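Quick caveat: nothing in here was measured; it's all calculated off a predicted structure. Side-chain atoms are counted along with the backbone in the values below, which use heavy atoms only and exclude waters and symmetry mates. All ligand and atom numbering here is 1-based and tracks the order in the structure.
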Amino acid sequence: MIYCDTIIKGGIFVTMDPEFRILNQHFMVIDKGRIVNILNIDQLGKFQSKKLIDASGCLITPGFINTHSHMPMTYFRGLADDLPLDVWLNDYIWPLEAKMLTTDFIYDASLHSAAEMIKNGITLTNDMYFQKECIADACIKAGLRVIVSKAIIAPEYSGDGREFGEELQVFEALYKDQALVECSLAPHAIYTCSDDVYSSCARLAAEHGWLLHTHLSETQKELEDCLKVHGKRPLEYLASLGVLEARCTFAHGVWLSGKEMELMEGKMSAISLCTDSNLKLGNGIAPIKEMLKRKLNLSIGTDGVASNNNLDILEELSTTAKLHKAINHDPELLPAQDAFALITIDGARALGKEQELGSLETGKYADLLIIDIQNLQSQPLYNPYSQLVYAIGAEQIRDVMIAGDFVMKDRQLIYLDEAELIITAQAYQTKISQELKL
Ligand SMILES: [Zn+2]
């Protein structure tokens, strides 16, 4: 007899492994947080598990990977909609952040965001914000995997970045026993950070293996200002500062030219497509067709709730897939299987984590979803990818497991009290409304 922590049986395994295998009549063995194997059901008798999970009538998929978020902005949802990015940032978000941001605010909003992400099937988010310890603590409480960041806004900075590196090393030492937490360097954007910020972050990121997470080429204004100030397009400018020597997550990439995309070919760096945010802020549509042609690393980010306005990454994926078919008059562009990869294995690859996450394979972390398909909108089921991208809603996600541990079961969060989170959000709403005299 072979002993293990958990066995999941029944259901259809959508593995996202290199052969994109879809397995019926199989069961998954999980031990010490990792997938031991996915075997044919006739071998089940050899195993004894502490927990036996029945996933009949469900799909079992890898957890979703969100490559760009701002967790603490959750309490700004719907606060300043229908505005251009520069007005939205300068007149609303930044003044409000200057007044409202306390460590309690960041922790509470991140907790809310973590709960919302888990309910939407997100098992890892690559976050960009200040007070990374508060965000890390909230994610640890929720059981959510996270890459927090040393966010930097420093337009006048001149230095070698030593203090950025020291800060992250202190953080890593403090959180060394927290397997769910990692950190990155996150210069906010080219219009809020100096040359020295980017060149030192690039050097530190390459040296320490940290991710460099930044906004890039989000608006036409950013592109035009960059051409005016630096005489280069945004990615040409960043490449001249050595940024492409590191593994970067570039959020948005809406205004990238063919030449800029060529700079990314064969590099570790990835784009985080944030379609809903780009649409809502009127920033444009990323040139995905050409990105795909050039085999760039692509992934999906929800961006912050203040600009999205939700964390429903399945909806984000569905919109992205359909939008690009429509504008390119090409229904064959981004077929469902390739689209689903964007929030699973490609998301993992974008963050350099494809050896550990993003598919259901032996040795990888057991970060997975059990999605109920015994309902009208999921039947009949000919093709699970089609169902996942075009039909299934987040409310069908029944269970969420991260590192072998259920963080949601039967739609109930295990480590967080949803009712309490709602009351807390409403209390902050009152405070923010009073502050803004709404
Ligand atoms: Zn963003």
Side-chain angles (χ1 to χ4, degrees), residues 65-81 83-90 92-94 96-97 101 106 109-110 113 116-117 120 122 124-132 135 146-154 183-193 197-198 201 211-223 226 234-235 238 243 248-256 269-286 298-313 316 319-320 343 347 350-351:
I65 294 176
N66 183 5
T67 56
H68 181 63
S69 68
H70 306 284
M71 297 184 83
M73 296 184 86
T74 304
Y75 289 159
F76 300 145
R77 186 192 331 259
L79 185 67
D81 288 334
L83 294 165
L85 180 72
D86 55 337
V87 177
W88 178 78
L89 277 176
N90 290 314
Y92 291 87
I93 298 299
W94 284 342
L96 195 62
E97 285 181 338
L101 285 192
I106 291 176
S110 299
S113 182
E116 198 177 336
M117 285 199 196
N120 283 298
I122 294 167
L124 164 61
T125 193
N126 182 31
D127 202 67
M128 180 197 286
Y129 212 73
F130 306 98
Q131 304 284 356
K132 56 193 171 310
I135 302 168
V146 68
I147 302 174
V148 295
S149 68
K150 158 77 187 147
I152 302 163
I153 292 185
C183 56
S184 72
L185 283 164
H188 170 264
I190 58 171
Y191 52 89
T192 51
C193 290
V197 169
Y198 274 106
C201 284
L211 190 70
L212 192 157
H213 183 186
T214 191
H215 294 105
L216 180 78
S217 215
E218 182 176 3
T219 65
Q220 191 170 12
K221 182 174 181 332
E222 175 188 337
L223 166 64
C226 188
L235 189 55
L238 286 190
V243 160
C248 303
T249 302
F250 297 123
H252 304 293
V254 172
W255 292 88
L256 289 180
S269 295
I271 311 259
S272 177
L273 302 161
C274 302
T275 307
D276 276 342
S277 168
N278 299 150
L279 290 177
K280 182 160 171 287
L281 288 164
N283 287 330
I285 298 170
L298 300 183
S299 61
I300 300 261
T302 55
D303 209 355
V305 153
S307 61
N308 184 317
N309 292 2
N310 64 35
L311 297 169
D312 187 344
I313 198 166
E316 186 89 27
T319 305
T320 303
I343 59 169
L351 303 174

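Counting only N and O atoms by type, the side chains of H215 and H213 include no donor and acceptor under 3.5 Å apart. A side-chain N or O of S69 and one of D127 form a donor-acceptor pair less than 3.5 Å apart. Residues T302 and N66 have side chains that bring a donor and an acceptor to within less than 3.5 angstrom of each other.
With sequence neighbours excluded, no residue forms a ring-ring contact (aromatic ring centres under 6.0 Å, His included) with Y198. Y92 pairs by the ring-ring contact (aromatic ring centres under 6.0 Å, His included) definition with nothing, not counting sequence neighbours. Q131 pairs by the side chain to side chain contact (heavy atoms under 4.5 Å, CB included) definition with T103, I106, C134, not counting sequence neighbours.
Shown here are the protein N/O/S atoms lying under 2.8 Å from the Zn ion (ligand 1), water excluded: H68 NE2, H70 NE2, H215 NE2, D303 OD1.
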